[in-house]
Amino acid sequence: ATRDMFHWISAAITFPAIAFSAKPFFLNAWSALSVRRLNMDVPIVLAIVLALITSLWETALSGHHAYFDAALALTFFLLAGRYLDHRTRAIARSAAEELAALEVPRALLVTEAGDREVPVAELTVGDYIRVRPGGRVPVDGEIAEGRSELDRSLRTGETLPVFAAPGQAVSAGEVNLTGPLIMRATAVGQDTSLHRMAELVAIAESGRSRYTSLADSAAKLYAPGVHILSALAFLGWLLWSGDMRVALNIAAAVLIITCPCALGLAVPAVTTAASGRLFSKGLLIKHSTALERLAEVDTVVFDKTGTLTEGTPKLTNPESYDRTQLSVAAALGQGSSHPLSVALIKAAEALGIEPAEVRDIQEIPGYGTQGTWDGRAVRLGRASWVGAPQAQQTAAWLSISGEEPYGFSFTDALRPGVEDVVAKLHDQGMDVILLSGDTTNAVERLAGELGIKNWVAEALPEDKANRVAGLARDGRKVLMVGDGLNDTAALAAAHVSISPATALDAARVASDIVLLGRDVTPIAEALQTARKATRRIRENFQIATAYNVIAVPLAIAGFATPLIAALAMSTSSITVSLNALRLR
């Protein structure tokens, strides 16, 4: 009577606990079965349900044994595995949604009666639109009036502004920096370049979701095997003994002791250990299958600006410049937010040089700034504006009345560890490609410096995505590393992707892994760790299989009591977890 009472108390505890705690497994199993598929949760749910039904039946018949504790232990271990699996994941929205958020909702339509604010959806091809300084271009078009500078990082990834004048094409999402512009719309709505980019990303994201994880691949073999064994054990004992109760007990023991728990822990235990190791090195794993996909990589594609380089111009050898001229340039730079002006100010501050007393500073949209110093006219800006020869590298020119123009050259400093990571990737047998929207001269110079033989310059977002997709069609497993909005489609199209923490939201969301620090060296180690992690996952599957080879005959023979089944299940789970910890 005491035993029966405690069995009923166990049932009262177990049923509500299982109904609430095992809900994720029930939902996942139903999702798989509803599309006629098997995943790891199907045998898990079957084991839990059969254990509960058998235990309830045994309790009602005043049986000696019940599996309530085994069902709860199974649920506990599996929930622990799910927690490990999700602990290091970042919450991610769709990168396509991030890009769609950049679309401008309203625009200033130029009419004969004056400017009128209208929804962008109402614009048609041929409309004239005013874009104020600091505003984002709402649709594709060409400049009709005005001169300014445009931030084209959305399209090219390059942070340096470009000169904008009448007749020049502009794209949705670009930012007008200095002067007012009037543009004529040439593409609106779904025809704009920004909308096409969002569509590219959405298509790439849906393609990646078709990747089958190692756990699901194992489930395709494991689940039918376990179900067949359990059914055969039930039929065999039913025919031999004629006792439905005994046969059902044996079938439940087979399902529990075959331990979907160990298989459920095989992947998350390893990915958590690997994720912890990589996190300590500066890499955050976001996607559940990122490590598995990273282990298959044979080609690494790098963006240039903001990925291999810092993405901000720095004055080359500041100490070599004349202090007076640097002082005047810094003073003129205070009248502009241009990246080169900002770099000049920072260089002067670092050397302890005070800006000169320049008066009447005025920014000329698209050209530079001008003013008066010591009674002489001074200008800082484009070579053509100050009468200087065009330089091959990034430069700003200072013109002082009565003197030859004086050039300041700039470089985009490399991120720490760039030379090291490229060399290590080559040592690992990786094909390294540099894919950039920057100019041919800049990309060729960097590729030569790093020893990268395969490089592409002046690539638009569509070019990057198409090239990555082309490599995939050729059977390559591509790791894409990029940071800009123009990299988003390529990041989503790649087999696996990494973006720096400094990347724009859409790029960071599209990537599987985030590089937390400035140093890119951990990328090479991540590939090695991923390969080790995949080996550990396969070892865990082998451990679980070996355990089943020993345990299943005992269960079928009827020697597995609920206590033995629960102990065996726990032992295999702990073994799998300890094997995963070897990664650390």
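Counting from 1, the numbers follow the sequence of the chain as shown.
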Kindly indicate, with the supporting measurements, whether the criterion side-chain contact (heavy atoms from CB on, under 4.5 Å) is fulfilled by Val45 and Trp30. CA-CA 10 Å; Val45 166; Trp30 174 252; over 6 Å; no
Given the rule in the salt bridge (Lys or Arg N to Asp or Glu O under 4.0 Å) test, do Asp298 and Arg476 qualify, once you have shown the distances and angles that lead to the verdict? CA-CA 7 Å; Asp298 54 27; Arg476 303 278 196 95; 5.2 Å; no
So Lys281 and Thr529, side-chain contact (heavy atoms from CB on, under 4.5 Å) or not? Walk me through it. CA-CA 11 Å; Lys281 301 289 184 182; Thr529 301; over 6 Å; no
Under the side-chain contact (heavy atoms from CB on, under 4.5 Å) criterion, do Ser21 and Leu79 qualify, and how do the steps go? CA-CA 8 Å; Ser21 302; Leu79 282 175; 3.7 Å; yes
For Trp8 and Thr59, what are the C-alpha separation, side-chain angles and deciding distance, and is it a side-chain contact (heavy atoms from CB on, under 4.5 Å)? CA-CA 7 Å; Trp8 283 115; Thr59 302; 3.4 Å; yes
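Qualifying salt bridge (charged side-chain N to carboxylate O under 4.0 Å, His left out) partners for Lys424, counting only residues two or more places apart in sequence or in other chains: Asp420. Among residues two or more places apart in sequence or in another chain, the salt bridge (charged side-chain N to carboxylate O under 4.0 Å, His left out) test is passed with Arg518 by Glu310.
Asn579 contributes no side-chain N or O that, together with a main-chain N or O of Thr575, makes up a donor-acceptor pair within less than 3.5 Å. At least one donor-acceptor pair closer than 3.5 Å links the side chain of Asp463 to the backbone N or O of Leu460.
Closest non-hydrogen pair, Leu283 versus Pro522, comes out as CD1-O, 3.4 Å. Scanning all heavy atoms of the two residues, the minimum distance from Asp512 to Ala290 falls at CB-CB, 3.8 Å. Counting all heavy atoms, side chain and backbone alike, Ala524 lies closest to Val421 at N-CG2, 3.7 Å. For His495 against Arg293, the heavy-atom pair with the smallest separation is O-NH1, 2.8 Å. Closest heavy-atom contact between Gly482 and Thr307: CA-OG1, 3.5 Å. Across all non-hydrogen atoms, the minimal contact from Ala557 to Trp237 is O-CZ2, 3.4 Å.
Rounding to the nearest 0.5 Å gives a distance of 9.0 Å between CZ of Phe234 and CG of Leu50. Between Leu425 atom CG and Asp427 atom CG the span is 9.0 Å, to the nearest 0.5 Å. Taking CD1 from Ile250 and OG1 from Thr54, the interatomic distance works out to 10.5 Å, rounded to the nearest 0.5 Å. In this structure, CZ on Phe302 lies 12.5 Å from CG on Asp487, to the nearest 0.5 angstrom. The CZ atom of Phe279 sits 6.5 Å away from the CG atom of Leu284 when rounded to the nearest 0.5 Å. Residue Thr309 holds its OG1 atom at 5.0 Å from NZ of Lys304, rounded to the nearest 0.5 Å.
Residues Thr75 and Ile18 have side chains in contact (heavy-atom distance under 4.5 Å, counting atoms from C-beta outward). A 4.5 Å side-chain heavy-atom check between Val432 and Lys453 finds every atom pair outside the cut-off. Contact check for Leu308 versus Leu450: side-chain heavy atoms found under the 4.5 Å cut-off. Counting heavy atoms from C-beta on, the side chains of Glu58 and Phe68 never come closer than 4.5 Å. When side chains are defined from C-beta on, Glu449 counts as touching Leu414, because their heavy atoms get closer than 4.5 Å. Side-chain contact between Val297 and Val478 is absent, with no heavy-atom pair separated by less than 4.5 Å. With contacts defined as side-chain heavy-atom distances shorter than 4.5 Å, the pair Ile433/Trp455 does not qualify. Within the 4.5 Å cutoff, the side chain of His7 has no heavy atoms near those of the Ser62 side chain.
Checking Ile498, Leu294, Ile513, Val422 one by one against Ile523, the side chain to side chain contact (heavy atoms under 4.5 Å, CB included) holds for a single residue, Ile498.
For the residue pair Asp431 / Thr299, no side-chain donor-acceptor distance below 3.5 Å is found, with atom types taken as modelled. Using modelled atom types and a 3.5 Å distance limit, the side chains of Ser511 and Ser497 yield no donor-acceptor pair.
Using a cut-off of 4.0 Å between Lys/Arg side-chain N and Asp/Glu carboxylate O, Arg277 and Glu525 are scored as salt-bridged.
Few gaps surround CZ on Arg415; more than 12 heavy atoms of other groups in view lie less than 6.0 Å from it.
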